[in-house]
Amino acid sequence: MKRVTLLAAVLLLAGSIFASQQTKADEQTTQWRYELQPAVGQAAEGSALVRVWTYSKKANIAVGQAAKNAVHGIIFKGYATSNDDSRIIGRDAIIADANIEAANAAYFEQFFATGGAYQRYVSEVNNGVPDQILKVGKEYKIGVTVVVMVDQLRKRLETDGIIAPANEVTGKMPTIMVVPSSVYCNNRKAIKTINENGSVTNVPDYEKALLENNDLVQAIAAINARLTKRGFEVKNLNSALATVKTEAREDAALKSIEYGEGVQETAIDVLRRVAKADIWIEIDWNENLVKGGSQKTLTFTMSAIDAYTDFFIGGVSPSTSRTEYASTFNAAVMIESAIQGQFEPFCNTLVTYFNTLVEKGRPIKMRVMMWKDFDETLMSEYDGYELHEIIEDWIADNTVKGKYGSPDVSPSGNRMTIEQIRMPLVNKKGRDQDPMRWARELRNMLNTDYGIESNLSSKGLGEVLLVIGSK
């Protein structure tokens, strides 16, 4: 009986000691004193392999809390790109707004409690055996490698209403192409001078920029990969340039237009029309050597432009990477680090803008001209209506909520311009459409209902020209 009583006392004491240690561990955990960094190795898709450094006066407590700290770090802190030769890309925090943690204190207290839900989204590597144990003053700094199931963790937070689901587009995601900015090309002398209709213009030479700057190729590839993972359809700049080279320019017939200047496309217009990307992302950066040239920092900018209207959508403002890199690091790695914490909000801006286009229609421009041998004008009547009225009525019936700008008809009736035409992104059959496809329906209507032949051409993506009187 005495042995049983003694054993019970020992077990009770052990339990009390363990409970006391766990209480201390939990108290230390609430201070969230840890560091998170990427670890070398492979993790499954949607997961992150990280090393978490935990501080504690008891080495065993630090090891036990590593998994909890790692999950907390993935949610609220993220980690930067490694500044060693491994060059592992960093990761943004799932929740960038610190106020969300405070506003949901009760939720996260339960989530991170001993045995809480956090442990479903993390697994220890090497059975939790520390990679390294350091003595820092009167406490330990313990490094443990773990795998965090990031995508599953994000989904849990969305399901529990802590964060909103990532912005989704009604229908397809916008198509995006990443290009170097004009400033980038100018600074690196990737500029070509063109003479179009007597007008001399300097434009970016994207082909030269790609050929002479391997960092640009890698940077575009890195950003394209991020955009693709985010769900965007990405057009490759190099492929689009190759297509432009092989495309036959069919503009000879338009040279016989008597009224107006016809269609004048710049090299950028042609590239936009061929690539058919909804949004262009223009990038630029500058590198600065520090510490006698052994280290360098990078200043990076990224701007999103509506390829149809040149409207500025949003961007990543100039930001200098906080980490100093070895001078051997390439730009792509430093850019990945520079946009940490900014990329997700940037993508959300693009999605929000595209959702607006889905709802309100895409603004485009149409010009109508008369062929030189055509005897009629826009003032000519057909079935009691003037031709410009017939065209305007069709536009009103085929725009989102009948929205378009006021038509500007020349006094001679040989020319009409309509801007801010809110074209639906899909046609009546639910298929994607661009301004040329949309305007073909107008051309077909004029031919079928009134026997009027016409010719269509485009300038870039956002402007169409309808020439009435001949094909």
Side-chain angles (χ1 to χ4, degrees), residues 196-197 244 247-266 269-270 272-274 276 308 361-400 402-471:
E196 295 178 331
N197 300 314
V244 169
E247 184 194 62
R249 298 285 300 275
E250 298 179 351
D251 61 350
L254 296 178
K255 292 179 181 178
S256 62
I257 296 176
E258 180 178 9
Y259 301 99
E261 71 282 7
V263 171
Q264 297 180 17
E265 283 192 308
T266 67
D269 290 331
V270 175
R272 287 185 178 182
R273 175 168 50 78
V274 170
K276 287 184 169 61
Y308 288 74
R362 182 191 297 284
I364 66 170
K365 177 181 178 180
M366 171 179 277
R367 287 189 294 154
V368 181
M369 294 183 181
M370 314 305 291
W371 203 263
K372 68 175 183 177
D373 295 328
F374 191 56
D375 295 331
E376 307 292 336
T377 72
L378 289 165
M379 305 300 186
S380 300
E381 289 193 6
Y382 294 83
D383 296 338
Y385 293 94
E386 293 184 354
L387 182 53
H388 70 90
E389 293 176 323
I390 294 172
I391 294 173
E392 186 177 346
D393 286 345
W394 184 91
I395 292 175
D397 291 338
N398 289 273
T399 51
V400 176
K403 298 293 185 180
Y404 59 95
S406 298
D408 180 16
V409 183
S410 66
S412 64
N414 290 313
R415 197 166 36 187
M416 177 170 70
T417 302
I418 307 177
E419 299 186 1
Q420 291 298 313
I421 298 172
R422 287 290 180 168
M423 180 197 75
L425 269 63
V426 296
N427 61 20
K428 294 176 181 178
K429 294 182 179 180
R431 297 172 182 169
D432 295 337
Q433 67 178 353
D434 57 23
M436 282 290 285
R437 291 180 180 177
W438 175 81
R440 284 192 196 107
E441 297 299 320
L442 171 59
R443 183 190 64 184
N444 295 340
M445 182 275 292
L446 292 174
N447 186 33
T448 301
D449 295 355
Y450 302 98
I452 299 174
E453 292 186 342
S454 56
N455 177 280
L456 269 177
S457 60
S458 65
K459 179 182 179 182
L461 279 176
E463 181 177 336
V464 288
L465 171 63
L466 179 70
V467 183
I468 293 176
S470 176
K471 288 187 176 181

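Note: I391 CD1 to I418 CD1 = 7.5 Å, rounded to the nearest 0.5 Å. Distance CD/E441 to CG/N427: 7.5 Å, rounded to 0.5 Å. Summarising the geometry, atom CG belonging to D408 is positioned 12.0 Å from atom CZ belonging to R367; distances are rounded to the nearest 0.5 Å. Taking NE2 of H388 as the start and CD1 of I468 as the end, the distance is 11.5 Å to the nearest 0.5 Å. Atom CZ of R273 sits about 12.0 Å away from atom CD of E463, to the nearest 0.5 Å. In this structure, S458 OG and D269 CG are separated by 9.0 Å, a value rounded to the nearest 0.5 Å.
Among pairs with a residue in residues 413-433, none fulfils ring pair (Phe, Tyr, Trp, His ring centres under 6.0 Å), at least two apart in sequence or across chains. Applying the ring pair (Phe, Tyr, Trp, His ring centres under 6.0 Å) test to residues at least two apart or on different chains, the pairs with a partner in residues 408-442 are W394-W438. Among residues at least two apart or in separate chains, there is no ring pair (Phe, Tyr, Trp, His ring centres under 6.0 Å) pair with a member in residues 408-429. Note on residues 412-432: no pairs pass ring pair (Phe, Tyr, Trp, His ring centres under 6.0 Å), not counting sequence neighbours. Evaluation of the salt bridge (Lys or Arg N to Asp or Glu O under 4.0 Å) test over residues 418-429, restricted to residues two or more places apart or in two chains, returns K365-E419.
The closest side-chain heavy-atom distance from V368 to L378 is below 4.5 Å. K276 is listed as a side-chain neighbour of D434, based on a closest heavy-atom distance under 4.5 Å. By the 4.5 Å heavy-atom criterion applied to side chains, V409 and T417 are not counted as neighbours. Considering only heavy atoms from C-beta on, L387 comes within 4.5 Å of I452 through its side chain. Contact annotation: the side chain of I421 approaches that of I395 to within less than 4.5 Å [non-hydrogen atoms, C-beta and beyond].
Residues satisfying the side-chain contact (heavy atoms from CB on, under 4.5 Å) criterion with R440, sequence neighbours excluded, are M436, R437, R443, L456. Taking Q420 as the reference, nothing meets the side chain to side chain donor-acceptor pair (under 3.5 Å) condition, with sequence neighbours excluded. Qualifying salt bridge (charged side-chain N to carboxylate O under 4.0 Å, His left out) partners for R272, counting only residues two or more places apart in sequence or in other chains: D310. Remark: E392 engages no residue in a salt bridge (charged side-chain N to carboxylate O under 4.0 Å, His left out) (not counting sequence neighbours). E381 is linked by a side-chain contact (heavy atoms from CB on, under 4.5 Å) to E386, counting only residues two or more places apart in sequence or in another chain. Residues passing the side chain to side chain donor-acceptor pair (under 3.5 Å) test with Q433, sequence neighbours excluded: none. Listed by chain and residue number, E389, I390 satisfy the side-chain contact (heavy atoms from CB on, under 4.5 Å) test with Y385 (two or more places apart in sequence, or in another chain).
Remark: the backbone N or O of V400 is not paired with any side-chain donor or acceptor of K403 at under 3.5 angstrom. Checking side-chain atoms of S380 against main-chain N and O of E376 turns up no donor-acceptor pair under 3.5 Å. N447 places no side-chain N or O within 3.5 Å of a backbone atom of G451 that could act as its donor or acceptor partner.
Residues D383 and Y450 approach most closely at OD2-CE2, 3.5 Å, considering heavy atoms. Residues G462 and P435 come closest through the heavy atom pair CA-CG, 4.5 Å. Between A439 and M366, the closest heavy-atom pair is CB-CE, 3.9 Å.
Other residues, nucleotides and ligands contribute at most 12 non-hydrogen atoms within 6.0 Å of the CG atom of D375.
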